[in-house]
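Indexing begins at 1, ligand by ligand and atom by atom, following the structure's order. Throughout, residue positions are numbered sequentially from 1 according to the sequence presented. All values below come from the heavy atoms of this structure, side chains included, with hydrogens, waters and symmetry mates left out.
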Amino acid sequence: MQKAMQPLDSRLMKAYARQPVSFVRGRGARLWDEHGTEYLDAIAGVAVTSLGHAHPEIAAVIAEQAGLLLHTSNVFRIDWQERLGQRLCALAGMETAFFCNSGAEANEAALKLARLHGHRRQVARPQILVMDNGFHGRTLATLSATGNPAKQRGFEPLMPGFVRVPYDDIAAVHHAAAQHGDIVAVLIEPVQGEGGIRLASPDYLRQLRSLCDRHGWLLMLDEIQTGLGRTGAWFGHQHAGIAPDVMTLAKALGNGIPIGACLARGPAADLISPGQHGSTFGGNPLACRVGCTVLDIMESEDIPGRARQLGRRLLNGLQQALHGHPDVLAVRGQGLMVGIELNRNCQDLVGRALAQQRLLITVTRESTIRLLPPLICDERQIDDIVTRLACLLESASAAQAGAPAAGQLAAA
Ligand SMILES: *Cc1c(COP(=O)(O)O)cnc(C)c1O
């Protein structure tokens with residue numbers, strides 16, 4: 001007989017600081033824990049379940065495809081993969097697609113395309129321009145591209161071949177171009193998600209596009225978080241009226257079924273030849289059929305348009321409700337990708353929001369509340385997010401004011 005019950009997660013590597021809540025069921029923007037308590041989801045599994053939990057049409061497609069065929073291998077033609085490639089290329093104005101299982105893998109494909117592009121141009125040691133505070137994943141190459149020393153610490157030596165510049169600063173890109181003759185591509189998020197919901201100005205993105213044209217660099221957009229309606233357009237770069245040479249997608253593409261995609265155009269479209277890259281699971285019939293269904297639903301319900309409207313409502317609501325709040329430095333966002341930057345470390349708010357408000361939020365870069373609600377929310381739910389957040393921030397700052405010594409200690 002065991003002396004004491006071990007915590008259920010004791011055999012899991014401590015990769016996550018987890019909240020003590022476990023959900024068993026969801027519907028749309030609502031979730032229920034094992035005790036039947038209802039929660040409102042304002043993060044959508046970090047921009048994944050954009051069409052909400054347990055979407056009936058997606059659930060039916062998953063069940064049907066599971067009864068037909070899950071996997072054969074990329075040795076053979078895969079009809080659903082070809083269809084999804086067609087759909088995505090048509091939607092995004094791209095020419096070719098490679099499918100994988102996650103965002104990091106999609107970016108790995110992009111980074112490999114950049115290297116091939118460099119070598120095709122006889123650049124012996126091709127470099128890729130990346131951004132301060134950028135986030136591109138946790139594999140060694142994508143971690144090396146990521147601009148967050150805290151996430152990189154302990155994993156040195158990082159992969160070489162990156163030149164880093166400040167985000168949204170075209171002068172820095174000009175300077176890097178003058179200094180490094182071996183740059184062959186730029187990898188950038190149109191809105192930095194993990195980086196604290198930071199928007200690149202449309203003008204900057206347009207200038208970056210023309211610099212890439214002038215130097216023969218590939219413009220590679222990481223739209224893993226911003227893509228598929230999240231910012232109120234199909235893709236974040238459309239707000240700037242530019243087109244990338246390479247674009248990566250993942251998160252919302254499977255609404256919870258793992259899938260990633262790397263799309264390419266022009267000089268990047270035909271860089272890969274058989275044997276140079278691959279993935280066992282990538283592009284399997286299940287994931288690709290779900291991807292097609294996600295696009296069907298997003299198209300027929302104009303989900304990007306809905307995200308634009310709801311995003312305006314959320315941003316306005318928050319700006320009004322939090323106006324003059326002493327802890328709030330800024331409320332910013334695009335579509336349903338919204339950040340509330342506080343003047344302090346606010347990681348405690350994730351647990352408080354769950355316990356006090358039954359609301360799922362995330363905090364990024366320690367001091368920015370990040371909201372990524374499902375794009376199928378209704379207006380009432382958006383207003384509800386605003387109300388619960390306003391209550392949360394009010395009670396949290398009251399608690400801070402009541403314990404100034406502890407607050408100062410934590411900050412010291
Ligand atoms: C989430 C994310 C990634 C990594 O995706 P994974 O599926 O976790 O590997 C890469 N880039 C951006 C912008 C992301 O938001």
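Proximity of R365 to N133: side-chain heavy atoms (C-beta onward) are separated by under 4.5 Å at one or more points.
Side-chain contact, N107 with T248: a donor N or O sits under 3.5 Å from an acceptor N or O. There is a side-chain donor-acceptor pair under 3.5 Å between S50 and R230.
Within the structure, ring pair (Phe, Tyr, Trp, His ring centres under 6.0 Å) contacts touching residues 268-308 (residues at least two apart or in different chains) are F98-H277.
Residues lining ligand 1 at a heavy-atom distance below 4.0 Å are given as S102, G103, A104, N107, F135, H136, G137, E189, D222, I224, Q225, K251, ordered by chain and residue number.
Residues satisfying the side-chain hydrogen bond (donor to acceptor under 3.5 Å, both in side chains) test with E95, not counting sequence neighbours, are none. Residues forming a side chain to side chain contact (heavy atoms under 4.5 Å, CB included) with D132 (at least two apart in sequence, or on another chain): R164, P166.
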